[in-house]
Structure formats: C-alpha cells, structure tokens
Q: 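The structure's right below; bear with me while I get my questions together.
Labels below follow one simple rule: chain letters A, B, ... track the order of the sequence lines, proteins then strands, and each chain is numbered from 1. Both backbone and side-chain heavy atoms feed into the values below; hydrogens, waters and symmetry mates do not.
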Amino acid sequence: MSDGDLGLWAIPIAMLGGAIRVSTPFLFVSLGEVLTERSGRINLGLEGTLVFGAMSGYAVAYLTGSPWAGVLAAAVAGSIFGLFHGLICSLPRVNDIAIGIAMMLLGMGLAFYFGKPYIQPVAPDLPSIGFGWWSDLPQVQAALRVNVLFLIGIAAAIFLWWMFRATRVGLIIRVVGDSTDAARAMGLNPAVIRTLATAAGGAFAGVGGAYLSLFYPGSWNEGISSGQGLMAVALVIFARWNPIACFWAAILFGGAGALGPALQSVGVSSGYYLFYAAPYVLTLGVLIATSSPTRAVTGAPGELSITK
Amino acid sequence: MTTAPFSRRGFLKGSAALAGAGALGPLAGPALAGSHSPLTVGFIYVGPKDDFGYNQAHAEGAAAVKAMEGVVVVEEENVAETVDVQKSMESMINFDGATLLFPTSFGYFDPHILEVAPKYPEVRFQHAAGLWSADKHPMNVGSYFGYIGLGQYLNGIVAGHMTSTRKLGFVAAKPIPQVLQNINSYLLGARTVDPTITCQVIFTGEWSLAVKEAEATNALADAGCDVITCHVDGPKVVMETAAGRDCFVCGYHANQSPLAPEKYLTGAEWNWPGVYTRMVQTVLDGGTIDNFDRGGLAEGYIKMSPLGPAVTDAARNQFEATMAEMMKGDFAAYKGPLMDNAGNTILSEGQVFLETDIALESMNYLVEGVIGSTS
C-alpha cells in the first residue's frame, strides 16, 4: 500500500470504483424489470427475488465450491419466482402490483428462513478482472477491478436493446406489452408470453442477488440488500424502458452512492446523511426535468397497469 | 418452490400462536411465573445470532447459560426495537415462564422495557447499555455494560505498531457516545506508539448496511488507511473487504479471525459467557443482581482476540504490558492535555478520565487526530 495521497482526485476515482462495484445489482434487476414491463406486466416482487437469489447463490456456491454454480442456482430460483408471479397474474382479475408485493415479502421470508445456516460459512467469491494494470496507483487498480458479472450485464443490456429492436421475439414482447388486443389478433397468447417474460426477468434479478452475496459486499446476511431491488424498479421508469439507458442509470446510482463515503474519506465529513441521499435527489431531479404535463410517459408499454 | 406452501402454513401457525399468547397472557401469567424451578431465562436479539458481531457475542453468553444446571433458556432473534420486543418479552414471561430476561439491544430499553417491567414486578429485566437510574426507573430493571473502549485502545496499540502509512481507518455506524468512545480510544491507543498517527472515520448512518460498509471500507483503503476496525453490528463485511484490499484489521464484538486469518491483528470482544453465568448464578443462589453493573478486562466483561500471526514482538510487548496495567483496575486511557478535533479542550494537563468515569458515557466529540465529524 503506497502512501499516495490523491487529495480531491480521490473523489472521482472512488465514484468510478463505486459505480462499477455497486451498479451491477441495479443493472441486473432493472434489465429483468424492463423485460417484464415491456411485456405489459409489472413485477414489484424483484426485491424478494434479489434477496432469495443472494441466499440461494451463496448457499449453492458454498455447498459446491463453485461461485458459478451459485449464479446459476440464483438464476433458476429467480425464474421460479418470476414464473410463480406470472402464473398467478395470468388468472382473471388478479392485480400484478399486489401479487408483486406479496412475492417480495414471501421471497425475503423464505430467504431468511433457508439462509440461517449460511450466515457463518464463507463461500468462494466470483472472479474479477483487473483493468487497472496500466496505473501504479493502488486506488485506481482497486477501482478498476471489474467483476465478470458486470461485463455480462453490459452485454445483456446491449443484447436486450438489440432484441427489442430487431428480432421477432422482441417484437412479440413489445406487441403483447402495447396492446393485448393486437397481440390476440396476431394469434399470440399474451398470458403465456407475459409469464415467460416475467420468469426471464426474475432470473435476471436472481443473478443480481448473487452478485451481492458472491462478490460485493460478498457475504450472505439478512441485511444484504438495502432496497436495491425496489430502487431498480424505479430505475426502469427513469430509464424509460430502454435497456441501454438502464445501464447508465445503474452506473449513475452506483457512483452517487459512493459519494458519501468518498467525501468523508477526503475530510468533507459534516452532513453525510445528506450526501447519502444524493441518489434519490438525483432521481427526483431527473424525473422532474424530463416530465411533461402534456404527454404520457414516453416509451411506456401501453398495457402497463401503472401508466394505463 | 415446492416448500413455499409449507413455510407459509408454518407462518400462519406461528401468527395464530402469537395471537393466542396475547389473549391468554394475562390469565396464564401468574400461575406459570409463580413456579420457580427450573429458572427460565429469556434472551432477545435485534439481529441474527450468528452475525459474527454484537448478537453472536450475546448468543455465546446464552449458550453458556444453557449449559448451567437448573436453567432453561429461551431465545428469539431478529426482534425489532419496536412494540415487537414488548410482545416477545410478554410471550417469554407468560408462555415460557421466564423470570429473568436479557433483551440485549440498546433500543429495547426506552420505552419498551420501561413499559413492560412495571406489569411484571416478579420478573427481572437485564438490559445491556448504560441507562438505568434509581430515581427514574423500576427496581426490577438492571443495566450492565462493559468498558469495551479499553479493548479498542488495545486494538489501537497493535494498530499503531503495524501501520506503515500512519493512518488508521474506522467504519462507524452512528455518532452515539459508545461509538465515539471506541473511535477515540482506538486512536489514543495508537498514539501511545506514535503521536503523529491519525484515524479516518466514516459513518455509514446505520447499524447494518452491507453495501455502504463495503464502500466505506474501500474509501478508507483508497485514502491510505492500512489498519481498519469498525463499530457496526456485523463486522463481517468490513473485515473481508479490508483484508481484500490488503489492509490489516482489528476485530470488534466477537472473534473475526476466521474471516481474515493472515490480516487479523487482534480484536475487542465481549465476554458475555462469564457475565451471564455470574448473573444467573446469583439468581439461582437466591441473591439479587446489582441494578447497575459495569466492568472491563479485570471483571471479565471484555476480552481480546488472540494476537494474529502478523503482529510484531514490539506490538505484542506493549499490548501485553498495557493489558497487565488494565488488569489492576482504574486504568485511564484519556489523559490531559487532550483536545477534541475542533480545538476545544477536553482535559487539561494533569486531568484524567478513569475507565469508570461516567463522563465517558456521554462522549460527544472526536479527539484531536481523528479525521471526521460527529454530524
């Protein structure tokens, strides 16, 4: 560890590092939610899926010794939660928001119940790639230690963006999300497609949870999530249902979250509660700036219950 | 999940039982509480009892009580500092016949214990932290706590020897007196080695917030701190993150050396098994526990983790010498002249705060050399 005192340069470096470290769960959950919402359904239960994914990922990684097996288990568990949500919502007169909240509580409760024996053991971590080799500053090297899941998340964001734009599957999901009637006229079954989209979205959220428990902060306990799953749902609206924009929103949230500790570490120590509120102030500001009294939210799927 | 309906049913059953407890409580209470053998002791924790931290330390004490003759232990974890803890206490008294309760979290005291205690004068409520006073509070409530700041002072001595950047790091939850005292003691310990050492503190604002604790630890490492300790409920994240950044760590609450065997120097641990078995034995012998009970190393309230493999001989010698000094009692970590980090005088030349000084329990400043602020 060198004695390098970076002065105020420490803040942008810490925010960059924080953005990379903290954003991944936001990214995965919001991508999953984009997929679900584009099909015309909203799944508020992703916070529960995230926590359950964190638990199951950690448990399986510990039991098998392989963090990737943990990620897979988290994805499977997440898709089961999503499937469950999707199936219940396919019944007539079921409200997807209410089911989402129920699923959130169920997911957290189950995760706490099954996760009890895994608080103590130490599971293997996911590998990361050091992109900071060109710098001899340990701070920069630490900030650019990028986890593989982060890179997979970027790839997934680009893939989803391309999928919605240019593929038949993407078109089907969008049609179902924009108009149930049109989808029916095309011979599609909206309930099945929405259920599948919710299951796939759940898998994304589960992987986001696995990142929390298997890389950063890298352990399972009952307070592992500080509402990332809920905030990511809001991020989707913020990102206007665009996967690429989800990536930037996640980065912004991650970086803003690192602001509080970074400022304290360079000696700006009073008012840290205020700095911790930075991500939320930012969200409010952007939403107000981009809102319009005259038109509906751009990019919103037509069948979404909150915007209909 | 195939198990989902199962657990849901279990949940419903559980809530039904709780509702029943509320209804039957007043009737069943006196009859059960009246029978004295065996003694039923209840422990309540605010978090999971295997968190490598505050709750685990208490649960280890409960486990020692469980092993005693003629004692039944009931435990409940994850009980919030709300009306929930009142329900838990009443359920333990009325259902399990508990006559001695240890609700261990700071926030359980006011108003929850104070509300329940007068209703059950035959039950003894023992609360961990420093708030009981004879003129204000019921006599069947007691307060006990240890001088864990001394442990952080010893952590600081070892840290002072091991740091090469002369900068220590402290991840703190909230700026309350006990936390501030730990931060200050940690730095004062280090300054006995080298008076130019500073300590950077980062407050996370919550007792348990994994991602923020990891971010704070990374920020400390970025700022050049190379020995890191903390005061949060579960130090696991801080220990693992700091060791991952190649920093040394000092533990807190419980022994965290399995989390970072090479980087762990020592740690300030609670020694609740000793304290709890002593108190329970007093009750078994028909005596009364003191309402206000305090102690440090000598009284067996706290202990230090065994020194880690990296600790140098110089550090070990001073650590052991200071510990021997503390065992004699009346140790003073705070000696004048002492300023806070805003330039106010805390102690002038010749003045000291002994470990027993009640002024330490209302500390609201950071001493000179700590980088950080209390608000």
Q: To the nearest 0.5 Å, tell me how far B:I346 CD1 sits from B:D340 CG.
A: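 Interatomic distance, B:I346 CD1 to B:D340 CG, rounded to 0.5 Å: 4.5 Å.
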
Q: Contact part of B:V171 toward chain A, heavy-atom cut-off under 4.5 Å: side chain, backbone, both or neither?
A: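 Neither part, no heavy atoms under 4.5 Å.
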
Q: With a 4.5 angstrom heavy-atom cut-off, could you sort out which part of B:D50 is near chain A: side chain, backbone, both or neither?
A: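 Contact with chain A involves both backbone and side-chain atoms of B:D50.
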
Q: Between B:E60 and B:K49, is there a side-chain N and carboxylate O pair less than 4.0 Å apart?
A: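 Salt bridge between B:E60 and B:K49, a charged N being under 4.0 Å from a carboxylate O: no.
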
Q: So, are A:K116 and A:E222 salt-bridged, with charged N and O less than 4.0 Å apart?
A: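 The answer is yes: the pair qualifies as a salt bridge.
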
Q: Is B:T217 in contact with chain A via its backbone, its side chain, both, or neither, using a 4.5 Å heavy-atom distance?
A: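 Neither part.
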
Q: Please rank B:P258, B:G244, B:G205 by heavy-atom pairs under 4.5 Å with chain A and give me the top one.
A: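 Sorted descending by pairs with chain A, the first entry is B:G205.
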
Q: What are the two closest heavy atoms between B:G372 and B:N341, and how far apart are they?
A: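 Reported closest heavy-atom pair: O-ND2, 3.0 Å.
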
Q: Whether B:E206 and B:K212 form a salt bridge (side-chain N of Lys/Arg under 4.0 Å from carboxylate O of Asp/Glu) is what I want to check.
A: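 Result for this pair is no, no salt bridge flagged.
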
Q: Does any heavy atom of chain A fall under 4.5 Å from the side chain of B:N78, the backbone, both, or neither of them?
A: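 Interface part for B:N78: side chain.
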
Q: Where on B:E215 is there a heavy atom nearer than 4.5 Å to chain A: the side chain, the backbone, both, or neither?
A: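 It is both, since atoms from each part get that close.
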
Q: Side chain, backbone, both or neither: which part of A:L263 has a heavy atom under 4.5 Å from chain B?
A: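 Answer is neither: A:L263 stays 4.5 Å or more from chain B.
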
Q: With a 4.5 angstrom heavy-atom cut-off, could you sort out which part of A:A258 is near chain B: side chain, backbone, both or neither?
A: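 Contact with chain B involves both backbone and side-chain atoms of A:A258.
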
Q: Heavy-atom pairs under 4.5 Å with chain B: which of A:S219, A:S225, A:S226 has the most?
A: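 Option with the greatest count: A:S219.
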
Q: For the residue pair A:L214 and A:G57, what are the closest heavy atoms and their distance?
A: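 The pair with the smallest heavy-atom distance is CD1-O, 4.0 Å.
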
Q: Do A:Y216 and A:Y211 have ring centres separated by under 6.0 Å?
A: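 Not under 6.0 Å, so no.
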
Q: Of the non-hydrogen atoms in B:E368 and B:L187, which two are nearest, and what is the gap between them?
A: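 In this case the closest contact between B:E368 and B:L187 is O-CD2, 3.4 Å.
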
Q: Need one label for A:P117: side chain, backbone, both or neither, based on atoms under 4.5 Å from any heavy atom in chain B.
A: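 Answer is neither: A:P117 stays 4.5 Å or more from chain B.
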
Q: At a heavy-atom separation under 4.5 Å, does B:Q56 approach chain A through its side chain, its backbone, both, or neither?
A: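 Only the side chain of B:Q56 comes within 4.5 Å of chain A.
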
